[in-house]
Number of protein chains: 2
Amino acid sequence: MARQKSEQVRQAILDAAHTLFTEKGYIATTISAIARSANTSQSNVYVYFASKIEIAFAVFDPWMRAKMIELESNVGATRGAEAKLEAMVTGLLNGIAADHSGQTLTLVQALATAKPTDNYSSTLLNWTMERLRVMIADAVPASTADEREALAQALMLAFDGVALRQNLRRGEIQGEPSTAAFHHLFQPMIDRATAKEPART
Amino acid sequence: MARQKSEQVRQAILDAAHTLFTEKGYIATTISAIARSANTSQSNVYVYFASKIEIAFAVFDPWMRAKMIELESNVGATRGAEAKLEAMVTGLLNGIAADHSGQTLTLVQALATAKPTDNYSSTLLNWTMERLRVMIADAVPASTADEREALAQALMLAFDGVALRQNLRRGEIQGEPSTAAFHHLFQPMIDRATAKEPART
DNA sequence: TCGGTAAACGAATGACATTCGCTATTGACA
DNA sequence: TGTCAATAGCGAATGTCATTCGTTTACCGA
């Protein structure tokens, strides 16, 4: 047939983008800089990716999945419903959403600047929500599906909120995100569960 | 001294910006379009505002304050701790954050694209948080200052999260933001309060 | 070895926010 | 009432991007 796309070039572009997004954020990173850092030309980047935003998602997706899997593993290793939930909330909001590597800043900037025509699939969002539901179910098996859904949604909203605030880094106001408040979210569920069957671990 | 800035021109710029931001969002609105719509020149806009983002804040600030004052009045007119809190959460998340006039989209886009050098004062954020604290205190006088602070912070995070999601208008997933979950946040506080003194209104 | 496809590239293009150099107004003061 | 200096207002740059175009190779199957 013809010449084939090189997996190496693709990876070089992703690596360069990852580094630059981390250093300067999505908006301040130029295609030109990505190309230079990946040792290729600006225009060749478009052979591998349709747009700048597509690169952002290609970088963010695996990062986010890895973080979530790590979190799930931590939560799984924690004992006790309350401790599990606390680990989940803290890990999600203080760990992932507020991470200092700049990945969530990239996500927020990409989402905020996305044109309506950039349609990005909600696959990652759905996947993340499912991980949260599973974690909640693991921590409190007695919870209802509705409860898990509502809590997962609330957490995702807070996730986005924390990520957005990252960009203001005004230092003021923002110490740790108020995960404390979110622990209250789970309290009724925990109370109800432990009332039925005493804590086992 | 010299020639003075005209309040009319300033207002014309703000009005034009307000309309255009509402129609197309912050990013898709150009200074050139604002100037044209305000019947002045592109460069003259910079006599009145230092940057595009400054215009965005000048438009958003009064809009947000008006919405919050309206909300506070609604909450004040509601009777009963639980009903007050529900009115507050629903009004804030479903009403203001998810509004269809595009103002919060403007805020999110402006914040996400703000350069670190654009320093925007956190006056509005502080003011909004204070309104929330006051509303919570009004609804549940027995609450502690720490509780009110944590809940206000959680609500502001959710506010930003909802505002950010607006831009994805994927229709899917997002029906109403899951305010239901947030009502749980307040339950322990309400229970504690009503245990001490029976509901009065 | 040959031919065609598509990767790769350098040079446009087209949008923008923001700045520059100049002109025209105007408000305080003589 | 006239003068003049500060500055509103303007049209034309500037500079920075993402994205596209026209060519030129390099590769793969035959």
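Everything numeric in this text was worked out from a predicted model, so none of it was measured.
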**Student:** How close or far is atom P of C:dA8 from atom CD of A:Gln4, stated in whole angstroms?
**Tutor:**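 Checked: the CD to P distance equals 11 Å.
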
**Student:** Let me know the distance between CZ of A:Phe49 and C1' of D:dA18, rounded to the nearest Å.
**Tutor:**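 Value for this atom pair: 16 Å.
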
**Student:** Does anything in residues 6-17 of chain A come within less than 4.0 Å of DNA chain C? Heavy atoms only, and list the residues if so.
**Tutor:**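 Result for residues 6-17 of chain A: A:Val9, sorted by number.
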
**Student:** Minimum heavy-atom separation for A:Val108 and A:Ala163, please, with both atom names.
**Tutor:**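 Smallest interatomic distance, heavy atoms only, reads CG2-CB, 3.4 Å.
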
**Student:** Over how many whole Å does the gap from A:Asn44 atom CG to C:dA11 atom C1' extend?
**Tutor:**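 A:Asn44 atom CG is separated from C:dA11 atom C1' by 15 Å.
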
**Student:** CZ of A:Arg3 versus C1' of C:dG3: gap in Å, rounded?
**Tutor:**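 Atom-to-atom, A:Arg3 to C:dG3, this comes out as 16 Å.
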
**Student:** Could you list the residues that satisfy salt bridge (Lys or Arg N to Asp or Glu O under 4.0 Å) with B:Asp15, not counting sequence neighbours?
**Tutor:**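 Counting only residues at least two positions away or on another chain, B:Asp15 forms no salt bridge (Lys or Arg N to Asp or Glu O under 4.0 Å).
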
**Student:** Show every side chain to side chain donor-acceptor pair (under 3.5 Å) that has at least one partner inside residues 44-58 of chain B, sequence neighbours left out.
**Tutor:**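 Pairs touching residues 44-58 of chain B that pass the test: B:Thr40-B:Asn44.
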
**Student:** How would you list all residue pairs meeting ring-ring contact (aromatic ring centres under 6.0 Å, His included) that involve residues 63-117 of chain B, not counting sequence neighbours?
**Tutor:**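 Qualifying pairs, neighbours excluded: B:Phe60-B:Trp63.
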
**Student:** Under the rule for side-chain hydrogen bond (donor to acceptor under 3.5 Å, both in side chains), what residues qualify as partners of A:Ser6, not counting sequence neighbours?
**Tutor:**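 So A:Ser6 forms no side-chain hydrogen bond (donor to acceptor under 3.5 Å, both in side chains) with any residue.
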
**Student:** Please state how far atom NZ in A:Lys5 lies from atom C1' in C:dT5, giving the value in whole angstrom units.
**Tutor:**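 Answer to the nearest Å: 12 Å.
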
**Student:** Which residues satisfy the side-chain hydrogen bond (donor to acceptor under 3.5 Å, both in side chains) test with B:Gln103, sequence neighbours excluded?
**Tutor:**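 Partners of B:Gln103 under the side-chain hydrogen bond (donor to acceptor under 3.5 Å, both in side chains) test: B:Thr22.
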
**Student:** Report all interatomic pairs (protein N or O, nucleotide N or O of nucleotides 15-18 of chain C) with separations under 3.5 Å.
**Tutor:**
{"from": "C:dA17", "atom 1": "OP1", "to": "B:Thr29", "atom 2": "O", "distance (Å)": "3.4"}
{"from": "C:dA17", "atom 1": "OP1", "to": "B:Lys52", "atom 2": "NZ", "distance (Å)": "2.9"}
{"from": "C:dA17", "atom 1": "OP2", "to": "B:Ile31", "atom 2": "N", "distance (Å)": "2.8"}
{"from": "C:dT18", "atom 1": "OP2", "to": "B:Tyr46", "atom 2": "OH", "distance (Å)": "2.7"}
{"from": "C:dT18", "atom 1": "OP2", "to": "B:Lys52", "atom 2": "N", "distance (Å)": "3.0"}
{"from": "C:dT18", "atom 1": "O5'", "to": "B:Tyr46", "atom 2": "OH", "distance (Å)": "3.4"}
{"from": "C:dT18", "atom 1": "O4", "to": "B:Gln42", "atom 2": "OE1", "distance (Å)": "3.2"}

**Student:** Under the salt bridge (Lys or Arg N to Asp or Glu O under 4.0 Å) rule, what pairs show up with a residue in residues 127-146 of chain B, not counting sequence neighbours?
**Tutor:**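 Qualifying pairs: B:Glu72-B:Arg131, B:Lys84-B:Asp138, B:Glu130-B:Arg133, B:Arg133-B:Glu149.
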
**Student:** Can you measure A:Lys24 atom NZ to D:dT16 atom P for me and round it to whole angstrom units?
**Tutor:**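 Value for this atom pair: 13 Å.
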
**Student:** Scan for side chain to side chain donor-acceptor pair (under 3.5 Å) pairs involving residues 23-33 of chain A, sequence neighbours excluded, and state none if there are none.
**Tutor:**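 Counting only pairs at least two positions apart or across chains, the side chain to side chain donor-acceptor pair (under 3.5 Å) contacts touching residues 23-33 of chain A are A:Ser32-A:Arg36.
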
